[in-house]
Amino acid sequence: MTFLQIEFVWLFLIVFAVYWTVRHRSFQNVLLVAASATFYGWVHPWFLILLYSSATLDYTMGRCMARWPGRRKLFLAMSLIGDLSILGYFKYCDFFLDNFVRIFTALGMETSVHTLGIFLPVGISFYTFQTMSYTIDVYRGELEPRKNFLDYIAFLSFFPQLVAGPVERASNLLPQMERRREFDLDRFRSGLGLALWGGFKKACIADWIAPYVDKIFIHSDPSGAMIWAATLGFTVQILADFSGYTDIARGTARMLGFELSLNFDHPYLARNPSDFWKRWHITFSSWIRDYLYIPLGGSRGGGWATFQATAGAMLLSGLWHGAAWTFVLWGAFHALLITGYRFVARRIPASFRKGPVGRTLAVPLMFCFSVLGWMIFRETHLDRLLHYWTLNPFGGTADQWIAALVMLGVVVVGAVPLVLALVLERVVLPRLEGTPWLLPAQTTVWAVLLVIVMAFVRDGAADFIYFQF
Amino acid sequence: MPRASQPQPASSAVRLVAGALAVVLPALVLAVGLSLLLASRDEELPEPALKMHALLDAAQPEVVVVGNSMVAASIDPEKLGAGLADRPVVVTNLWESGTWPANWYLFLKNRVFGQGHQPHAVIVCMTPLVLVQPGLSTDLNRRSLANHVGEYEPVVYQKVFGQQTPNPWIQRLRDQRGRFQELWAAWIRDASVGLFHGDAQLGLLERGQAAAAPALERVFQAEGAVDMSLHRRVIPVVEHSQQAVARSDGSAVAGSFVPDLLDLAEEHGSKMVFVWMANLPEVEAGVALEPAAEAELVRLLNERGAAYIDMHGLGYPAYMFQDGSHLSAAGRARFTAELAAALRERGVMEDGPFAPNRVPLALDYSIRLTGQIPDLGPLELLPDPEGQPCRHVARVVEWTALGDSALSAARIGNVSPLVVLEDGVPMEHLSWPGKLEGPCHGAYVPQAGLLYLSPGAHADPPREQRSYHLTVTDQLPVRFGKSEGWFVYPGTQLVLDFTGWPGPQGDLEVVVGLEPLIGAAAGASVTAAGLPVDLEPQGARLLRGTVVAPTPLGPWSISVASAADGPWLAVRWLAVRSGGETVDLVGSEEAMEPVVVSFMTWADQSVATVQGDPPRFPLSLEPAYNHGAVKSVEPSLDDLSSAAIGARTACGRCTPLRLSEDGQVYERPGLYCAEAYQGEPGNSCHRTGEFTFTSSDGSDPLGNGRHYELVLQPERQHKQLWWVYPGDHARLPLPGLRKRELRDGARFLRLEGLAMAGERQDAQVHIRLLVGEQEVLAESVPVRSFDDGPFERDMGSSLDLRGKSVVLELRSDPDAPFLLLTKLELGE
């Protein structure tokens, strides 16, 4: 089930009504678990087996760590092996088999090994990271192992963020599951607005741009101008798509009395690669930082050690996004960007870097690097990707330029609401705060968003891009 | 620094107003939005629908022809109307490109009958496989559906989308938002392009549209799409679209739009005709239904009094087609006349239902092979002559005729029935000895007199301890690719058991064609429906027999047998005929005809040698549309343009003319002139009277100082067409594989072609056929004579080609017209 299906709207309305009617915390959590099972198992009920297996494993390992603290390392290892085995099998098995066969074929050896055609359960990367963070935090002593399995399963399977994040830490969401929740009209208003804005970004921007981008990326011979315009389109599409999902997730969770972590903070206003990762998919990048980059050494060692830690973290980060070499390349690209920036930044006077000119130049420059990264991310064939880089970005026939212009037009129109929202958020909203005009402004904007979403949403709308991860 | 002023607490009146606005404003927005989204669209129909209305209102047709682009390509409505009755009948073609039955249903329901028209007859032009498709397949038929769908379409929803008609409000919402999205897409497209392109005299959107729409069509046309705004996800009615499933069984008819089309016609008192349009034979298999499904279709039409006219197999020559399904102007004229005659014969303009159509024969049968399968004895393995480590050979000279090589030369295919057993286990049959190189494969390749064999790769038992036995398969037919081999061995019998007779059709006639592969014909016998079939020799190799019997009342059979000492037979053709219908059960009649081979194939172009100094044509340049593009007026070369050749052949981009820029020849023979007009570098196109081109680097050809001229393509070949330029002396050897197919030698030569350009009417082409360098035919004929018919010569007796080279020489007079040969054949 996806957020833009009418079935989800009905599910949420029913859950919302019952949830705030029963008001007893345990009943509410039972309801959340049931609603999450319905949401996640809507198309493939067997996905639930994997979800609950992971939950049971890590809950049990957490309990074992509490019972036998001297063997915490063993239980952590069992938890990680279990979680990563499930993830590895479902997500990476075919990838490695395929590459195994290719290597042998390239060496002139025939092999009877073939890929297994394994179906990737939606959201497995997200909830695996979430449940792993629980056992790691318990192992580190940063979190008390939980006794109440219902609370734990409600935390892990919480439907608003189950399939595409934010990747919540147990330390943030679990305590909220264990607290009594009270209905709050302001929170409800805020959540509804956020969810509607997320729906708008998904239906009216991301899904609108997607066909144009797809059309060019599947074209057998696009010109340089077309492919760069399409990459720009994808840059807007993926932000609107992913942040739209996150906003719906955070909005619906807020209406149910939960506060999920911020996942996007205007990433295309980033001034450098590290800044980008502090603004893009924040919960994931902080997970990678805390559980991978820092344990790998972080920036504690010298330049080479830091590069190794960065490269390891970013390559795995790329692979997390998908079992394909282009994702690995995307991770490598960002590792190089981060390392390169560290190297270059040291040689640029801080007065310039932090001055008005440096700051003004940094944002568009970083944006250009982000766009380049999205091309790597979007193109699934390495040979085509390399071909695109040989194309003159301003080349193409007159017809191809017209196709590129149309793509650019779509990008501009798609980006306008994002810019307007920024203005509203930073200029208009502060002026309305505390005045009686905030409420009519809010309700009117909601109505406008609702009507526009109804005009743009399509039955059978495309899945959210990050579902595939 | 002054402190920011704190907002004053709002008065209760202000709070009241704000509270009221918090309800009223969103209510207003929702009301306006929903009224727009849920508005009925009755008042404003899409342009294609309005065009159809205008066409029908102006014509008030008595006969409406419905279909897709095949209608436009195949039927001239005026000429059709003239041929339907003693008086002129008003006929209107109602078609849209790429449409399917769901679209045709909507044309009739909403455009014809829905607008009050009552045509006497409706003709649905179709191919049977498409006719039974309830779904949609392309952007074109999806767009058409969006344009013609009405507000309440339960049939379309059920059959196309596989669901019940949704709530009318939901349907309106889908409809309106789809229209809104299309308008939005068009606005963005036109505004984006209009800012930078187009005629400044026009408004922003108009000039954007004028530039963008054709450009996007060109860019994405080759990708199977029409326009970015028509991406499948922005068309409302296809939100639940299902991919069409090619069903060809009998049940497909009931689930198709055929019953609904018949209902519509019946409800409005119109007669209904379904016409299977003309196809090239190459595409026929892809558009036909299984016999049972076709029979089901015809039975339904008979029940409902509709006519079924099969016009597909009329044997039109290739030049009457633009492509596999669309007729050229010449084809259109002929098809229209023949369709008019067929319709008139069926009484289309008379009152009352049509007489029943002849139901195609749909036979239900199974095939078995009975008797003792011969054992051909053990194989003695010899070392591989090329020293391959795990490949052996065995001499099987007595079974040469059963090997792949011989069967392939007989045009049966690589379908040898020989089977090798390794320790009693059948090995894999491969088609080429090269596949047995390297490690052990557990496979064999039966060639001419020699059987290549590679033992299984398993270790136990060791290779030297294994035994190899030769036998033949009982799993018939033997298949390889599209080839099928049906065999009857000595002492065996091939039996076809029929469950019964499908219905009254006239007497039953069984035709059989056999080829004894080993041994004399004596001992071969055939029975059909209990009657013996007399077998007569046909040609040097084949046996043919026919028997006529009353249609059986119950189960019946056909058997082909060979006595224990009889021949090894290949069943080349087995067919049942009744009431003018023929059902091929095994093979086809083509196998019984003398073999004809072509000198030309795609792969053969390198073997031809040509001496000649083709003419070159200087150009006198003048500016064309845009800067950078120039044109030259060369009417004398019009016949050599792709457009002119395409009008006479099925070849679309076959001009032999190439542009040379300082001696460098452009690769692409442009057919579409838009690129060249727009000044793209390195393009050329040739239209009537004009040759337009741009320089290779975009510089102005009028000022860049380079020399431009037209030259001729040196290869002289386009697919299977061959050019003979003025002054050419070409030698075309017959490839060895082709020669082997002429097992009875060569008896006739046939050349088909077209004369193009050139002034001299009596200039000649000199034709020589050399067999083993001996001249067996030498003749000169005017090049123009090819326009009147093919060059065919019977050599009187068969020429023995074994071990001899066969070469066709063509020499053209220096000032002769260009000769485009479309067929170069040698036959038995």
Side-chain angles (χ1 to χ4, degrees), chain A residues 6 110 204 207-208 210-212 214-216 218-223 226 229 396-414 431-462, chain B residues 6-7 10 14-30 32-34 36-37 173-174 176-178 180-181 184-185 187-189 191-193 195-197 211-212 214-220 222-223 225 228-229 231-234 236 239-240 439 674-675 678-680:
Chain A
I6 190 71
E110 283 190 23
C204 309
D207 283 359
W208 179 254
Y212 294 84
D214 294 348
K215 205 96 188 159
I216 292 176
I218 62 170
H219 196 285
S220 60
D221 188 20
S223 68
M226 282 168 70
T397 63
D399 286 349
Q400 288 171 324
W401 260 108
I402 284 176
L405 271 180
V406 174
M407 182 72 249
L408 287 173
V410 171
V411 172
V412 169
V413 172
R431 288 165 193 261
L432 289 175
E433 288 285 358
T435 73
W437 305 114
L438 179 64
L439 182 63
Q442 267 186 332
T443 54
T444 308
V445 170
W446 295 346
V448 170
L449 289 176
L450 186 64
V451 168
I452 298 178
V453 168
M454 282 171 69
F456 274 87
V457 75
R458 293 187 285 268
D459 296 353
Chain B
Q6 295 294 317
V14 169
R15 283 209 299 273
L16 194 67
V17 171
L21 284 177
V23 176
V24 172
L25 281 178
L28 203 62
V29 170
L30 286 174
V32 172
L34 290 177
L36 287 173
L37 285 172
L173 175 67
R174 284 180 174 154
Q176 286 299 85
R177 77 181 178 210
F180 165 74
Q181 289 177 11
W184 183 234
W187 185 88
I188 294 176
R189 181 194 66 189
S192 313
V193 177
L195 281 173
F196 301 95
H197 272 267
L216 293 178
E217 186 154 336
R218 283 191 293 270
V219 171
F220 293 100
E223 305 294 312
M228 290 167 96
S229 72
H231 189 284
R232 64 184 174 85
R233 291 190 290 192
V234 300
E239 287 173 343
H240 290 282
E675 300 96 334
Q678 287 177 1
E680 294 307 317

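A note on names: the letters A, B, ... follow the listed sequences, proteins ahead of strands, and every chain is numbered from 1.
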Heavy-atom check, side chain of V23(B) versus side chain of T443(A), under 4.5 Å
no
Which atom of A185(B) lies closest to which atom of Y212(A), heavy atoms considered:
CB-OH, 3.3 Å
Go through the structure and list residues passing side chain to side chain contact (heavy atoms under 4.5 Å, CB included) with L408(A), not counting sequence neighbours.
A229(A), L232(A)
Using side-chain heavy atoms (C-beta onward) and a distance below 4.5 Å, is W446(A) in contact with V29(B)?
no
Using the ring of each side chain (for Trp, its six-membered ring), is W184(B) parallel, tilted or perpendicular to F456(A), with breaks at 30° and 60°?
perpendicular
Non-hydrogen atoms of chain B under 4.5 Å away: do they reach the side chain of V448(A), the backbone, both or neither?
both
Suppose we screen for side chain to side chain contact (heavy atoms under 4.5 Å, CB included). Which residues come up paired with V445(A), at least two apart in sequence or across chains?
L449(A)
Closest contact, heavy atoms only, P440(A) versus A18(B)
CG-O, 3.5 Å
Let me confirm one number: the CG-OG1 distance from L21(B) to T444(A), rounded to the nearest 0.5 Å.
7.5 Å
If you round to the nearest 0.5 Å, how far is CE of M454(A) from CG of L30(B)?
8.0 Å
First locate atom CE of M407(A), then atom CD1 of I188(B), and finally report the distance between them rounded to the nearest 0.5 Å.
9.5 Å
Counting only heavy atoms from other residues, nucleotides and ligands, does the tally under 6.0 Å from CH2 of W187(B) exceed 12?
no
Rounded to the nearest 0.5 Å, how far does CZ of R189(B) lie from CD1 of I402(A)?
10.5 Å
Out of curiosity, L34(B) CG to L450(A) CG, how far, rounded to the nearest 0.5 Å?
7.5 Å
Return the CH2 to CZ distance between W401(A) and F196(B), rounded to the nearest 0.5 Å.
9.5 Å
Heavy-atom pairs under 4.5 Å with chain A, option from A22(B), S192(B), G33(B), A27(B) with the top count
A22(B)
